Amino acid sequence: MWVKGKTVSGFLTLDNSELAAENLPEVLNTLKANFGNRLTSGGEFGLNGDSAAFELRIDEIRITIGYDIWSGAFIMAWDSSGNKIIEEIESFLR
């Protein structure tokens, strides 16, 4: 189940503690299906023993999708424009 929250910076995040890192491709496929060519890769990728994350651009707005041992899978905004994208994502993630 996806739960909306806020980052320390005050921007929106969607977290799903029931998902593991290996579920990220499925989450990405759902985003691709809903955003189509509005979604592009941001090129940034990070990985360590407890977390993995990569950057996306939706309408040229930076979003991070990832996994960590505290949140499970997450989708995170970096600014107020990203908050609008997170709200849109929330509307189709159940």
Side-chain angles (χ1 to χ4, degrees):
M1 179 164 116
W2 291 95
V3 177
K4 185 167 49 176
K6 288 192 177 183
T7 64
V8 174
S9 302
F11 302 116
L12 293 179
T13 182
L14 293 170
D15 303 319
N16 190 329
S17 63
E18 298 170 0
L19 298 181
E22 53 268 9
N23 298 112
L24 291 180
E26 177 185 333
V27 174
L28 181 57
N29 286 337
T30 299
L31 295 178
K32 285 180 180 178
N34 282 276
F35 288 105
N37 62 5
R38 292 173 57 196
L39 185 148
T40 58
S41 172
E44 296 292 324
F45 177 78
L47 177 65
N48 70 35
D50 296 331
S51 63
F54 55 98
E55 184 179 301
L56 303 174
R57 300 262 174 194
I58 299 172
D59 298 335
E60 296 303 317
I61 298 167
R62 181 181 176 197
I63 299 293
T64 296
I65 179 174
Y67 170 84
D68 65 42
I69 61 173
W70 305 277
S71 305
F74 64 85
I75 306 167
M76 181 179 82
W78 285 91
D79 57 25
S80 57
S81 296
N83 284 347
K84 294 174 187 168
I85 298 294
I86 296 298
E87 294 280 357
E88 188 173 348
I89 293 169
E90 182 186 29
S91 74
F92 60 78
L93 281 183
R94 303 282 175 215

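Just so it is clear, the structure is predicted and the values come from calculations on it, not from any experiment.
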Compare every heavy atom of [Y] with every heavy atom of [X], then report the nearest pair and how far apart it is.
X	Y	result
A53	T64	CB-CG2, 3.8 Å
L24	A73	CD2-CB, 4.1 Å
A77	I86	CB-CG1, 3.7 Å

Kindly work out whether a path of hydrophobic side-chain contacts (I/L/V/M/F/W/Y, heavy atoms less than 4.5 Å apart) joins [X] to [Y].
X	Y	value
Y67	W70	yes
V27	I69	yes
I61	F92	yes

Find out whether [X] and [Y] are in side-chain contact, i.e. whether some heavy atom of one side chain is under 4.5 Å from a heavy atom of the other.
X	Y	value
W2	I89	no
L56	I75	no
E55	I63	no

- With sequence neighbours excluded, residues passing ring-ring contact (aromatic ring centres under 6.0 Å, His included) with F11: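 Counting only residues at least two positions away or on another chain, F11 forms no ring-ring contact (aromatic ring centres under 6.0 Å, His included).
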
- Check the pair R57 / L39 against side-chain contact (heavy atoms from CB on, under 4.5 Å), numbers first and verdict last. CA-CA 6 Å; R57 300 262 174 194; L39 185 148; over 6 Å; no

- Message: Applying side chain to side chain donor-acceptor pair (under 3.5 Å) as the test, list every pair that has at least one member in residues 82-93; sequence neighbours left out.
- Response: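 Every side chain to side chain donor-acceptor pair (under 3.5 Å) pair that includes a residue of residues 82-93, provided the two are not neighbours, is K4-E87, K4-E90, R38-E88.
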
- Item | Listed once per pair and sorted, the side chain to side chain donor-acceptor pair (under 3.5 Å) pairs that draw on residues 8-25, sequence neighbours left out |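 Checked against side chain to side chain donor-acceptor pair (under 3.5 Å) - neighbours excluded - the pairs reaching residues 8-25 are T13-D15.
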
- Message: Tell me if a side-chain donor or acceptor on D79 pairs with a main-chain N or O of S81 at a distance below 3.5 Å.
- Response: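 Side chain of D79 to backbone of S81, a donor-acceptor pair under 3.5 Å: yes, one is there.
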
- Item | Co-members of the apolar cluster containing M76 [side chain, <4.5 Å] |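 For the cluster that includes M76, the remaining residues are F74, W78.
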
Output side-chain donor-acceptor pairs under 3.5 Å for residues 30-37, partner residues at least two apart or in another chain, one line each.
unit_1: T30; atom_1: OG1; unit_2: E26; atom_2: O; d: 3.1
unit_1: N34; atom_1: ND2; unit_2: T30; atom_2: O; d: 2.8

